[in-house]
Amino acid sequence: MKTALSFLLFIFISPQYSFSQTWSSQELEKANTCIFINELSEIEKEAILYINLARLFPLKFAKIEVLPYFGPEKYGAYLKDSPYKESLLSDLKTTKPMNTLIYNVELRELAICFALEQGASGYMGHDRKKCEGFYNAECIAYDMETGKDIAMQLLVDHEVPSLGHRQACLDSELTKVGIGFSKHKKAFFCAVLDFLN
């Protein structure tokens with residue numbers, strides 16, 4: 001029964017995302033913790049799925065997702081010689097596999113509220129005027145149009161010396177997540193991810 005369910009889930013999600021053939025249906029099923037969360041868009045589900053793949057299978061993720069990734073086509077191969085990409089590859093080699101992020105409705109409400117607030121104002125940053133609430137960490141990606149590109153922007157953390165987004169995404173103490181994706185007045189799109197222990 002589990003094998004049949006894994007196969008059906010793989011068939012269900014594979015047309016939406018362009019996965020490498022080296023991910024098994026069982027690995028995708030394990031990482032896709034938001035597949036049945038109806039209020040999330042496919043972009044939001046895909047972003048969490050890719051972060052979960054990095055958390056569950058760091059070495060494999062480095063090899064088949066990070067190594068051949070150079071950023072969205074519209075920006076050219078800006079990650080080709082990025083030391084931030086190299087440091088992510090190095091970090092993933094020493095990262096121990098950890099649990100997936102699990103969807104949390106309260107964090108979703110915080111994240112979508114802030115994404116809409118930022119989108120309408122064109123603000124970029126973490127200072128909230130409204131949408132207050134409690135979370136342990138927050139990540140925001142800008143101008144990424146797919147879930148994979150959102151996840152990769154946060155994990156590579158190109159030109160972010162603190163690597164705060166990467167650290168949050170790969171923090172084994174953080175187990176709950178909410179995500180909000182919105183159009184943005186200046187950056188075209190933004191995605192807010194809020195995390196809790």
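The figures here come from the full heavy-atom set of this structure, side chains too, leaving out hydrogens, waters and symmetry mates.
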| Interatomic distance, Tyr50 atom OH to Ile150 atom CD1 [nearest 0.5 angstrom] | 12.0 Å
| Is Tyr142 reachable from Ile112 through a run of hydrophobic residues whose side-chain heavy atoms are each under 4.5 Å from the next? | no
| query | Is it true that a side-chain atom of Gln118 and a backbone atom of Gly125 form a donor plus acceptor pair closer than 3.5 Å? | reply | yes
| message | Donor-acceptor pair, distance only, cut-off 3.5 Å: does the side chain of His165 make one with the backbone of Ala141? | response | no
| Does the side-chain contact (heavy atoms from CB on, under 4.5 Å) test come out yes or no for Asn197 and Leu174, once each step is laid out? | CA-CA 4 Å; Asn197 292 345; Leu174 298 174; 3.1 Å; yes
| request: Nearest 0.5 Å please: distance from the CZ atom of Phe70 over to the OH atom of Tyr78. | output: 12.0 Å
| said: One thing to verify: whether Lys176 and Glu106 come together as a salt bridge, which I'm taking to mean a side-chain N less than 4.0 angstrom from a carboxylate O. | reply: no
| Does the side chain of Ser87 reach to within under 4.5 Å of the side chain of Arg166, using non-hydrogen atoms? | yes
| query | Do Asn52 and Thr33 have side-chain atoms, one donor and one acceptor, less than 3.5 Å apart? | reply | yes
| Point-to-point distance, once rounded to the nearest 0.5 Å, from CG of Leu193 to CD1 of Ile51 | 5.0 Å
| Lys60 and Glu65 ion-paired at < 4.0 Å | no
| task | Check for a donor-acceptor pair, side chain of Glu46 on one end and backbone N or O of Thr146 on the other, with a separation under 3.5 Å. | result | no
| query | Any chain of hydrophobic side-chain contacts (each under 4.5 Å) joining Leu89 to Leu163? | reply | yes
| request: Check whether Leu154 and Leu79 end up in the same hydrophobic cluster, where Ile, Leu, Val, Met, Phe, Trp and Tyr are linked by side-chain heavy atoms less than 4.5 Å apart. | output: yes
| If you round to the nearest 0.5 Å, how far is CG of Asp171 from CG of Leu101? | 9.5 Å
| query | Of all heavy-atom pairs between Arg128 and Lys130, which one has the smallest distance, and what is that distance? | reply | CB-O, 3.1 Å
| request: Check Gly119 against Cys190 and note the closest heavy-atom contact, atom names and distance. | output: N-SG, 4.5 Å
| said: Taking the basic N atoms (NZ, or NE/NH1/NH2) and the acidic carboxylate oxygens, is any pair closer than 4.0 Å for Glu39 and Lys45? | reply: no
| Which residues share a side-chain contact (heavy atoms from CB on, under 4.5 Å) with Lys129, sequence neighbours left out | Glu117
| query | Is Glu44 reaching over with its side chain to a backbone N or O of Phe181, donor-acceptor style, under 3.5 angstrom? | reply | yes
| request: Compare all side-chain heavy atoms of Phe57 with those of Trp23 and state whether any distance is below 4.5 angstrom. | output: yes
| Is Leu155 reachable from Leu92 through a run of hydrophobic residues whose side-chain heavy atoms are each under 4.5 Å from the next? | yes
| said: A side-chain contact here means heavy atoms from C-beta on lying under 4.5 Å apart; do Tyr69 and Leu88 qualify? | reply: no
| Are any of the side-chain heavy atoms of Phe114 and Asp194 separated by less than 4.5 Å? | no
| message | To the nearest 0.5 Å, what is the distance between NE2 on His126 and CD on Glu138? | response | 5.5 Å
| field | Gap between atom CG of Asn136 and atom CG of Leu107 - 0.5 Å precision | value | 9.0 Å
| task | Evaluate the criterion side-chain contact (heavy atoms from CB on, under 4.5 Å) for residue pair Ile48 and Ile179; output intermediate values, then yes/no. | result | CA-CA 8 Å; Ile48 294 172; Ile179 185 171; 3.6 Å; yes
| message | To check you understand the geometry: which heavy-atom pair defines the closest contact between Cys139 and Cys169, and what is its length? | response | SG-SG, 4.3 Å
| Would the His158 and Tyr84 ring centres measure less than 6.0 Å apart? | yes
| request: Before giving the answer on side-chain contact (heavy atoms from CB on, under 4.5 Å), spell out for Leu59 and Phe61 the whole-Å C-alpha distance, their side-chain angles and the decisive distance to 0.1 Å. | output: CA-CA 5 Å; Leu59 282 174; Phe61 189 85; over 6 Å; no
| Residues two or more places apart in sequence or in another chain: which of them pass side-chain contact (heavy atoms from CB on, under 4.5 Å) with Leu56? | Lys30, Ala31, Thr100
| With distance as the sole criterion, is a donor-acceptor pair present between the side chains of Arg55 and Thr95 under 3.5 Å? | no
| message | Do the side chains of Lys96 and Asp91 get close enough for a salt bridge, i.e. N-O under 4.0 angstrom? | response | no
| task | Apply side-chain contact (heavy atoms from CB on, under 4.5 Å) to the pair Lys183 and Phe189, showing each step before the final yes or no. | result | CA-CA 4 Å; Lys183 290 184 177 178; Phe189 302 99; 4.1 Å; yes
| query | If Ile, Leu, Val, Met, Phe, Trp and Tyr residues are connected whenever their side-chain heavy atoms lie under 4.5 Å apart, and connections chain through other members, are Ile140 and Val160 in the same group? | reply | no
| Would you say Cys131 and Cys113 have SG atoms less than 2.5 angstrom apart? | yes
| task | Report yes if the side chains of Ile43 and Glu145 come closer than 4.5 Å at any heavy-atom pair, otherwise no. | result | no
| message | Looking at Glu73, I want to see if its CD is surrounded by more than 12 non-hydrogen atoms of other residues, nucleotides or ligands under 6.0 Å. | response | no
